[in-house]
Protein chains: 2
Amino acid sequence: MAHLTASVEYGLHCLLGLVDAGEQPRSARDLAAFQGISPSFVAKIFPRLEKAGIVEAAEGVRGGYRLARAPETISVLELVDAIEGPKPLFECQEIRSRCALFDDGAPGWATRGVCSIHAVMLKAEKAMRDALASESLADIAGRLQQKAPPAFGMDTRTWFDRRIARRRSGSPAQGKDGTG
Amino acid sequence: MAHLTASVEYGLHCLLGLVDAGEQPRSARDLAAFQGISPSFVAKIFPRLEKAGIVEAAEGVRGGYRLARAPETISVLELVDAIEGPKPLFECQEIRSRCALFDDGAPGWATRGVCSIHAVMLKAEKAMRDALASESLADIAGRLQQKAPPAFGMDTRTWFDRRIARRRSGSPAQGKDGTG
DNA sequence: GGAAATCTACTCGGATACCGCGTGTCCGAGTTATGGTGG
DNA sequence: CCACCATAACTCGGACACGCGGTATCCGAGTAGATTTCC
């Protein structure tokens, strides 16, 4: 396990699949299938992104999610906070007030301000959060697009469109798809 | 829970109790009692610090631990790594290679280099580690000494010395200590 | 042929088990200071 | 009085339970579109 959990990883990957979707919503199931991860788990992540105002949910048979804002305005820090909640890097337990020299109550000088150890951790947390805030979803998507061949974007769109079109058209190629 | 666990907090607090100890070793039990935390748990943390070359263990009845190096040369990052081990902030699961567009094997352009999402997290982790590396144990101890009244350092030393002297002298004041 | 009702399947959304890591505790091996004994 | 030895308590060090958070899954409520039927 790590501080930035697998939920964040899943959420970010799926959001990358929404950047080039435009107005057409994409369902959590399709996004999960595209990334090759658990649809059930992805379905639990997206409601949090929706509550945070990062994606919009469209209901119905051709519903799904789409970005609520331009990807340039969505920082990675926002995504992390939306998915994991405000989880601190370090939880100070105020050990300083339990010193054996303080019989019952700790003196004022000991508990005033922030714990010296906690301060260091807060500084480290801020550095981490600043780094996450400096990157946007569009940055990652752009870097990915730069690595991928030109046809990849179109192939992705085609994949989702076929997936949507196949929904209720009678599944014309359910078993004879290009697996062999 | 948090990424920087309670073990780190306990270890750091106890190490602060070693900064002004000099050559005289202080036992894990005494350090834990001084901080008002679990002695058993502290006893599990210090062996890791010893393996990392941060403290030296002295065995025997008047043994204990003492700093192996000057506190100015011990960074908080070292302590975190020594106690928690090399635990990454983010564990990339290589989702990128499972894309549905890649039938069996992912193409080279997809898996070459570092995952775009992983890169952002590594950047954040580096920022966090740099912040932790910029602080030393002596920095924290100095800041604490600045907050505490002048007599605190001497009181601390007296507390540990009495604790050691009482060990095998027949426990002259076992039950009539200043609790009331 | 056109429009409305129905019906289906797909969507989101939350409530529910399983598992691993961290927390906390305990007990055993080893060692040094102590106390007594013998010279 | 001094040196040696046995004792004993304290030390470190690792092995053993408990609890919580994360992971993964399932099922239920609601809705847009396609189908069918009636006029």
Side-chain angles (χ1 to χ4, degrees), chain A residues 1-11 14 24-33 36-51 55-66 80 83-85 87-88 90-91 93 95 163-171 174, chain B residues 1-11 14 24-33 36-51 55-66 80 83-85 87-88 90-91 93 95 163-171 174:
Chain A
M1 183 177 26
H3 186 65
L4 302 175
T5 61
S7 300
V8 170
E9 186 171 12
Y10 291 175
C14 290
Q24 174 78 287
R26 287 175 177 171
S27 71
R29 179 189 297 188
D30 286 357
L31 289 168
I37 56 183
S38 159
S40 308
F41 195 34
V42 170
K44 203 174 62 169
I45 296 171
F46 267 87
R48 303 178 190 176
L49 294 170
E50 201 253 340
K51 280 171 187 161
V55 298
E56 286 175 346
E59 295 186 336
V61 62
R62 282 201 179 175
Y65 293 99
R66 61 174 166 258
V80 170
I83 294 173
E84 297 202 328
K87 188 169 56 176
F90 175 81
E91 293 181 28
Q93 302 183 37
I95 305 290
R163 191 102 172 172
I164 294 173
R166 193 176 296 178
R167 279 287 178 265
R168 207 169 151 94
S169 309
S171 62
Q174 188 173 10
Chain B
M1 183 178 28
H3 186 66
L4 300 175
T5 60
S7 300
V8 170
E9 186 170 11
Y10 291 175
C14 289
Q24 175 78 288
R26 286 173 178 172
S27 72
R29 179 189 296 187
D30 286 357
L31 289 167
I37 57 184
S38 161
S40 308
F41 196 33
V42 170
K44 203 173 62 170
I45 296 171
F46 267 87
R48 304 178 189 177
L49 295 170
E50 200 251 341
K51 280 172 187 161
V55 299
E56 286 174 347
E59 295 185 335
V61 62
R62 280 199 182 176
Y65 293 100
R66 61 173 167 257
V80 170
I83 294 173
E84 297 202 330
K87 189 168 57 176
F90 175 82
E91 293 181 28
Q93 302 183 36
I95 306 291
R163 191 101 172 174
I164 293 173
R166 194 176 294 178
R167 280 285 177 268
R168 207 170 151 92
S169 311
S171 64
Q174 189 175 10

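A note on names: the letters A, B, ... follow the listed sequences, proteins ahead of strands, and every chain is numbered from 1.
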Are A/Ile164 and A/Gln24 close enough, and set up right, to give a side chain to side chain contact (heavy atoms under 4.5 Å, CB included), and what steps lead you there?
-> CA-CA 10 Å; A/Ile164 294 173; A/Gln24 174 78 287; 3.9 Å; yes
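- Across all strands shown, A/Ser40 has heavy atoms under 4.0 Å from base atoms, whether or not it also approaches the sugar-phosphate.
- Atom CD1 in A/Ile45 sits about 19 Å away from atom P in D/dG21, given to the nearest Å.
- Atom pair A/Glu91:CD and D/dG21:P shows a separation of 9 Å (rounding to whole Å applied).
- The two residues A/Leu31 and A/Arg26 come nearest to each other via the heavy atoms CD1-O, 3.9 Å.
- What separates CD of A/Glu50 from C1' of D/dG30 is a distance of 14 Å, to the nearest Å.
- Nearest heavy atom pair, residue A/Ile83 against residue A/Arg48, reads O-NH1, 2.7 Å.
- Distances shown here put a side-chain N or O of B/Ser38 below 4.0 Å from the OP1 or OP2 atom of C/dT25.
- When distances are taken from the side chain of B/Lys51 to each of C/dG22, D/dG14, D/dC12, the shortest belongs to D/dG14.
- Each of B/Glu84 and A/Glu59 was assigned the nucleotide of DNA chain C with the nearest heavy atom; the assignment lying further toward the 5' end belongs to A/Glu59.
- Here the closest non-hydrogen pair linking A/Ile95 and B/Tyr10 is CD1-CE2, 3.6 Å.
- Atom pair B/Leu31:CG and D/dT11:P shows a separation of 10 Å (rounding to whole Å applied).
- Not one side-chain nitrogen or oxygen of A/Ser27 sits closer than 4.0 Å to the OP1 or OP2 atom of C/dC12.
- The base of D/dG14 is not paired with the side chain of B/Lys44 by any donor and acceptor separated by under 3.5 Å.
- Regarding A/Phe41, its CZ atom lies at a distance of 10 Å from the P atom of D/dG22, rounded to whole Å.
- The phosphate of C/dG22 has neither OP1 nor OP2 within less than 4.0 Å of any side-chain N or O from B/Tyr10.
- Using a 4.0 Å cut-off, some side-chain N or O of B/Arg29 falls inside it from OP1 or OP2 of D/dT11.
- At least one side-chain nitrogen or oxygen of B/Ser7 sits closer than 4.0 Å to the OP1 or OP2 atom of C/dT23.
- For B/Ala57, the listed nucleotide lying nearest its side chain is D/dC12; candidates were D/dA32, C/dC12, D/dC12.
- Protein atom CZ of A/Arg26 is 18 Å distant from nucleotide atom C1' of C/dC12, rounded to whole Å.
- Within 4.0 Å (heavy atoms only), B/Phe46 reaches no atom of the nucleic acid at all.
- Atom-to-atom, CG of B/Leu49 to P of D/dG13 comes out at 11 Å; the value is rounded to the nearest Å.
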Pair A/Phe46-A/Cys14, side chain to side chain contact (heavy atoms under 4.5 Å, CB included): steps then yes or no | CA-CA 9 Å; A/Phe46 267 87; A/Cys14 290; 3.7 Å; yes
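- Atom-to-atom, CZ of B/Arg66 to P of D/dC12 comes out at 12 Å; the value is rounded to the nearest Å.
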